[in-house]
Amino acid sequence: MSIPNMWEFPGGKVEKGENLKQAIEREIREELDCNIKAVDVFNENTHEYDNFIVNLITVKCKLASGKPTANEHSKLIWLKRENLLSLKWAPADIPAAVKLAEEKA
């Protein structure tokens, strides 16, 4: 799913035969050409758009190897937590962005 002119966390759908951690590790390899280690579920949110419903599960991860590269996206940026809310987030991503911004490091 892509929402024009709004920011989204990277990721995608869990495919048949995958668990959540395998899915996010695969999605990041495909989208950002690096390897991560999924650590723990951080936030879960269901959002109803006009034409579909998204159940967004945000997973905290650690970079294992490589450098994230914007292969499938127009732009990739790193922000400090306190700057996350300066972006225009896709509605389904807002709860995770707010929770992460408010979290103590």
Side-chain angles (χ1 to χ4, degrees):
M1 178 189 79
S2 182
I3 306 294
N5 303 313
M6 292 187 183
W7 288 90
E8 299 173 285
F9 289 108
K13 295 180 181 178
V14 177
E15 294 185 358
K16 188 175 180 176
E18 286 182 322
N19 63 38
L20 185 61
K21 288 184 177 186
Q22 291 168 328
I24 191 62
E25 289 172 359
R26 174 189 51 76
E27 285 283 348
I28 296 300
R29 259 191 325 275
E30 291 174 1
E31 290 184 26
L32 301 177
D33 198 25
C34 63
N35 294 302
I36 54 119
K37 173 73 175 147
V39 177
D40 199 12
V41 170
F42 175 70
N43 189 60
E44 187 168 350
N45 174 53
T46 300
H47 184 83
E48 189 170 338
Y49 288 96
D50 291 337
N51 299 323
F52 55 93
I53 297 173
V54 172
N55 182 35
L56 184 66
I57 302 171
T58 310
V59 179
K60 279 195 176 179
C61 303
K62 291 188 181 253
L63 183 62
S65 65
K67 180 180 176 185
T69 306
N71 292 330
E72 296 183 9
H73 303 283
S74 59
K75 192 171 186 181
L76 174 69
I77 60 172
W78 289 98
L79 289 175
K80 292 183 178 184
R81 288 174 207 265
E82 59 267 21
N83 297 327
L84 282 174
L85 301 182
S86 67
L87 301 177
K88 183 177 180 183
W89 288 95
D93 292 68
I94 291 172
V98 168
K99 185 176 178 182
L100 189 57
E102 293 174 349
E103 184 181 68
K104 301 293 180 209

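A quick note: this is a predicted structure, and the numbers were derived from the prediction, not measured.
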Euclidean distance, [Y] [atom2] relative to [X] [atom1], rounded to 0.5 Å:
X	Y	atom1	atom2	answer
N19	I24	CG	CD1	12.0 Å
D93	L84	CG	CG	11.0 Å
L76	W78	CG	CH2	7.0 Å

Fellow cluster residues of I53, listed by chain then number, with links counted only when side-chain atoms sit under 4.5 Å apart: none
Check which hydrophobic residues are tied to V39 through side-chain heavy-atom contacts below 4.5 Å, counting indirect links as well, and list them. none
Please assess T58 against L100 for the test side chain to side chain contact (heavy atoms under 4.5 Å, CB included), listing each intermediate value before the final yes or no. CA-CA 10 Å; T58 310; L100 189 57; over 6 Å; no
Listed by chain and number, what are the ring-ring contact (aromatic ring centres under 6.0 Å, His included) partners of W89, not counting sequence neighbours? F9
Mind listing the closest non-hydrogen atom pair of N45 and A92 along with its distance?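 Scanning both residues completely, I find the closest heavy atoms to be ND2-O, 3.0 Å.
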Over all heavy atoms of both residues, which pair between E8 and A90 is shortest? Give the atoms and the distance, please. CG-CB, 3.8 Å
Evaluate whether atom CG of N5 has more than 12 neighbouring non-hydrogen atoms of other residues, nucleotides or ligands under 6.0 angstrom away. no
Side-chain contact, heavy-atom cut-off 4.5 Å: [X] with [Y]?
X	Y	answer
P95	H47	no
P10	L32	yes
V98	L85	yes

Non-neighbouring partners of L63 that pass side-chain contact (heavy atoms from CB on, under 4.5 Å), sequence neighbours left out: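 Partners of L63 by the side-chain contact (heavy atoms from CB on, under 4.5 Å) criterion, ordered by chain and then number, come out as C34, I36, P68.
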Using the test side chain to side chain donor-acceptor pair (under 3.5 Å), find all partners of E44 that sit at least two apart in sequence or belong to another chain.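 Counting only residues at least two positions away or on another chain, E44 forms a side chain to side chain donor-acceptor pair (under 3.5 Å) with N55.
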Please enumerate all residues that pass side chain to side chain donor-acceptor pair (under 3.5 Å) together with N35, with sequence neighbours excluded.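 Side chain to side chain donor-acceptor pair (under 3.5 Å) list for N35, sorted by chain: S65.
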Answer with yes or no whether the hydrophobic clustering places L56 together with M6; edges join I, L, V, M, F, W, Y residues whose side-chain heavy atoms lie under 4.5 Å apart. yes
Decide whether F42 and V14 are clustered together by the hydrophobic rule: side chain heavy atoms of Ile, Leu, Val, Met, Phe, Trp, Tyr closer than 4.5 Å, transitively.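 No; tracing contacts between hydrophobic side chains, which count when under 4.5 Å, never links both residues.
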Residue pairs, two or more places apart or on separate chains, that pass salt bridge (charged side-chain N to carboxylate O under 4.0 Å, His left out) and touch residues 53-68: K60-E103
What pairs meet the salt bridge (charged side-chain N to carboxylate O under 4.0 Å, His left out) rule with one or both residues in residues 16-26, with sequence neighbours excluded?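 Pairs touching residues 16-26 that pass the test: E15-R26, E18-R26, R26-E30.
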Please assess C61 against I28 for the test side chain to side chain contact (heavy atoms under 4.5 Å, CB included), listing each intermediate value before the final yes or no. CA-CA 10 Å; C61 303; I28 296 300; 5.7 Å; no
ring-ring contact (aromatic ring centres under 6.0 Å, His included) pairs, two or more places apart, involving residues 15-41: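 Listed once each, the pairs would be none.
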